[in-house]
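Heavy atoms only: backbone and side chains are in, while hydrogens, waters and symmetry mates are out. Convention: sequence-line order gives letters A, B, ...; per-chain numbering from 1.
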Amino acid sequence: MGGFLNLRTRPEALYGILREILAEGERYGEWTLGEGKPLQVEFVSSNPTGPLTVGHGRQAALGDALANLFSALGWDVTREYYLNDEGRQIELLARSLWARYRQALGEDVPVPEGGYHGGYLVPIGEELAREWGDRFPEWTPEAAEAFRKAAVERMMAMIHEDLEAIGVSFDVWTREGDLHRRGLVREVFEVLKEKGAVYEKDGAYWMRSTEYGLPRDPVLIRSDGTPTYLMVDIAYHVDKYRRGFVRVVDVQGADHVEEQQQVKLALRILGYPEDFLHYCVHQFVTLKGKEGIERMSTRKGKFLRLKDLVDELGRDVVRYFMVRRRPEAHLIFDLELARKTSMENPVYYVQYAHTRIASIFREAEKREESVTRDALGVTEADLSSLSDPDEISLIKELDRFPDVVRRAAETYGPHLVCEYLEGISGIFHSYYNRVRILGQGEATRARLALLAALKTVLGKGLSLLGVSAPEVM
RNA sequence: GCGCCCGUAGCUCAGCAGGAUAGAGCGGCGGCUUCCUAAGCCGCAGGUCGGAGGUUCGAAUCCUCCCGGGCGUACCA
């Protein structure tokens, strides 16, 4: 509604905006909306069954950017990784590693059906063969325990390498085993049962989800008495609530949608606030390379390791590419393009804008022009010479920045920041080619003031995405 | 079958808290360098916004249905 207004923004108002931005400096774009309340972003949470893949890279980049954005909104953000180091998949991993170990000892033991076929277990198997010799000739409970421990340890080391490569770190690591030990899983199950949300069938306990409109009833406790992943996940979220988080954002892949609906329903039945748990669901990453488009699978060993991609393309490129698309849209990562024409990457386009401005300031100092980077000198400049259409657009765009930050956080869409940064970079590059900054007397002072603000916003925007803002390229 | 997501230029995608001639990058073609970094700029070509209805003064944007694609639909995690 409300027809459109064609208000001409008065120049004085624009100059006021610019002065405000310069005064706020690095803090420009930040809010106090979160009031310092605790918010958790849980992401990656990959099981320790292999190194992180390019797919996890999207989650790492996305989750970290969201965490940065919510910090900027004024929340007290905790980055958390949920570690599932128990259960059948880990059992399979241990068994697969044992097979590699036997193979290293010259025995023809195949990796089990549905096991982990990736080559990354081979060198570890060889290492264990050297270390342990023929100590585990058979798959016994002792062997299972030893190989489970060794496998998880090595996988975690690899995952840490991958995270370090992309530059993401976590504040809290929660292990599934901890939840069991504290009796939380059992306790939460009992409450669900008391609420009448559970029934028994075929020796297992099921949740009455269809009564609440969901497509099917899931098992919470198996007939052998062990809780399912879903049951543990529900308990985990109760735990998050008890730890005091006001809001939790889980970054997860599209294959978890049903799980998410079930967890949300369980929390609703348990009486937790509706707006406590949020999911940022993202679609998968497809690698488009010379071999065509490949579907990744850790189990089948068909994947590109995140660290390898980062080593090849650089952290900034990978991070930027991973958050540039809307999370809910499928991401096609064009390897060939990223490799051979990396100079034309949008991330360089934005970084180059930042670098160019840095360069202008270096040149200004060298020439000892009337203006230095001294903040006071800049803000006291007479801005009335800023009347070029690009100068006006830039100020108007800079004015939008805090809203972009807010919207990007609240809609879980860091790509909005990319779009914004590419937009202001474009205006700047065009402006730079047409208008001289230095050697223009009073106009130079005003233009440098504008560029100082632009540089701050470019730097801030990039840092929210976890991308560096270089002074020199 | 059911649930969620996607379908906009040759390719990859923005835009979708309804509003004026639908944008960017890549790819194609043609230009720009006495001077602040050419990792840049300017111009040209290229689109029935998957299709059909509906709501509205106004729809790429909201609603319904259909078509096409992805994911899920486990006593795996």
J.: State which residues pass side-chain contact (heavy atoms from CB on, under 4.5 Å) with A:Ala453; sequence neighbours excluded, sorted by chain then number.
T.: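 If we apply the side-chain contact (heavy atoms from CB on, under 4.5 Å) test to A:Ala453, skipping adjacent residues, the hits are A:Leu18, A:Ile21, A:Leu22, A:Leu398.
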
J.: Check the phosphate of B:rC76 against A:Arg88, side-chain N and O only, distance under 4.0 Å to OP1 or OP2. Yes or no?
T.: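 So the side-chain polar atoms of A:Arg88 do come within 4.0 Å of the phosphate oxygens OP1 or OP2 of B:rC76, strictly under.
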
J.: Starting the side chain at C-beta, find the nucleotide from B:rC16, B:rC71, B:rA14 nearest to A:Asp255.
T.: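 Output: B:rC71.
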
J.: Can you see if the side chain of A:Arg407 gets near the phosphate of B:rA17 - specifically, an N or O under 4.0 Å from OP1 or OP2?
T.: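 Yes, because at least one side-chain N or O of A:Arg407 sits under 4.0 Å from OP1 or OP2 of B:rA17.
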
J.: Could you run through RNA chain B and flag its stems, i.e. three or more consecutive Watson-Crick or G-U pairs with both distances under 3.5 Å?
T.: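 Runs of three or more consecutive pairs: B:1-7 with B:67-73, B:10-13 with B:23-26, B:28-32 with B:40-44, B:50-54 with B:62-66.
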
J.: I want to verify a distance call: between B:rC71, B:rC75, B:rA39, whose nearest atom is closest to the A:Tyr348 side chain?
T.: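 Per side-chain heavy atoms of A:Tyr348, the pick is B:rA39.
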
J.: Can you name the closest pair of heavy atoms from A:Leu220 and A:Met231 and give their distance?
T.: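 That would be O-CB, 3.3 Å.
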
J.: Would you be so kind as to tabulate the donor-acceptor pairs closer than 3.5 Å made by side chains of residues 91-98 of chain A, with sequence neighbours excluded?
T.:
{"residue": "A:Ser96", "atom": "OG", "partner": "A:Leu92", "partner atom": "O", "Å": "2.7"}
{"residue": "A:Ser96", "atom": "OG", "partner": "A:Tyr116", "partner atom": "N", "Å": "2.9"}
{"residue": "A:Trp98", "atom": "NE1", "partner": "A:Phe136", "partner atom": "O", "Å": "3.0"}

J.: Hey, does the side chain of A:Arg222 come within less than 4.0 Å of B:rA77's phosphate (OP1/OP2), counting only N and O?
T.: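 Answer yes for this pair, as a side-chain N or O of A:Arg222 is under 4.0 Å from OP1 or OP2.
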
J.: Please, which pairs that meet side chain to side chain donor-acceptor pair (under 3.5 Å) have at least one residue in residues 422-435 of chain A, sequence neighbours excluded?
T.: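 As it turns out, the side chain to side chain donor-acceptor pair (under 3.5 Å) pairs with a partner in residues 422-435 of chain A, which skip direct neighbours, are A:Tyr320-A:Glu422, A:Arg324-A:Glu422, A:Arg356-A:His429, A:Asp388-A:Arg434, A:Asp390-A:Arg434, A:Glu391-A:Tyr431.
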
J.: Going by the rule side-chain contact (heavy atoms from CB on, under 4.5 Å), which residues pair with A:Lys195 if we only count those two or more places apart in sequence or in a different chain?
T.: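 If we apply the side-chain contact (heavy atoms from CB on, under 4.5 Å) test to A:Lys195, skipping adjacent residues, the hits are A:Val191, A:Ile269.
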
J.: With A:Asp233, which residues qualify under side chain to side chain donor-acceptor pair (under 3.5 Å), at least two apart?
T.: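 A:Asp233: side chain to side chain donor-acceptor pair (under 3.5 Å) contacts with A:His237.
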
J.: Could you list the residues that satisfy side-chain contact (heavy atoms from CB on, under 4.5 Å) with A:Ser45, not counting sequence neighbours?
T.: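 If we apply the side-chain contact (heavy atoms from CB on, under 4.5 Å) test to A:Ser45, skipping adjacent residues, the hits are A:Glu42, A:Tyr82.
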
J.: Would you mind building the protein contact string for nucleotides 41-47 of chain B? One character per nucleotide, 5' to 3', B for base within reach (heavy atoms under 4.0 Å), S for sugar-phosphate only, - for untouched.
T.: SS-----

J.: Who pairs with A:Thr174 by side chain to side chain donor-acceptor pair (under 3.5 Å), at least two apart in sequence or on another chain?
T.: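 So A:Thr174 forms a side chain to side chain donor-acceptor pair (under 3.5 Å) with A:Glu80.
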
J.: Please identify each residue that fulfils side chain to side chain donor-acceptor pair (under 3.5 Å) with A:Arg436, with sequence neighbours left out.
T.: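 Scan of A:Arg436 (side chain to side chain donor-acceptor pair (under 3.5 Å), adjacent residues dropped) gives none.
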
J.: Give every residue pair that meets the salt bridge (Lys or Arg N to Asp or Glu O under 4.0 Å) criterion with at least one member in residues 457-469 of chain A, sequence neighbours excluded.
T.: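 Non-adjacent pairs meeting salt bridge (Lys or Arg N to Asp or Glu O under 4.0 Å): A:Glu30-A:Lys460.
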
J.: Base, sugar-phosphate alone, or nothing: which one does A:His256 contact when heavy atoms must sit under 4.0 Å apart?
T.: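 A:His256: base contact, heavy atoms under 4.0 Å.
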
J.: Determine: side-chain N/O of A:Tyr432 to OP1/OP2 of B:rA38, distance under 4.0 Å, yes or no.
T.: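 True: A:Tyr432 side-chain N/O within range (under 4.0 Å) of B:rA38 OP1/OP2.
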
J.: Out of B:rC36, B:rA77, B:rC4, which nucleotide sits closest to the side chain of A:Asn47?
T.: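 Selected nucleotide: B:rA77.
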
J.: Any side-chain heavy-atom pair from A:Tyr420 and A:Leu416 closer than 4.5 angstrom?
T.: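 SC-SC contact between A:Tyr420 and A:Leu416 ruled out.
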
J.: Which protein N or O atoms sit under 3.5 Å from an N or O of nucleotides 5-7 of chain B?
T.:
{"residue": "B:rC5", "atom": "O2'", "partner": "A:Gln283", "partner atom": "NE2", "Å": "3.4"}
{"residue": "B:rC5", "atom": "O2'", "partner": "A:Glu328", "partner atom": "O", "Å": "2.6"}
{"residue": "B:rC6", "atom": "OP1", "partner": "A:Arg326", "partner atom": "NH2", "Å": "3.1"}

J.: Given B:rA14, B:rC75, B:rC35, which nucleotide is nearest the side-chain atoms of A:Val219?
T.: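 Within the option list, the nearest is B:rC75.
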
J.: Counting side-chain heavy atoms from CB outward, which of B:rC75, B:rA77, B:rG15 is closest to A:Ala204?
T.: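 Of all the options, the side chain of A:Ala204 is nearest to B:rC75.
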
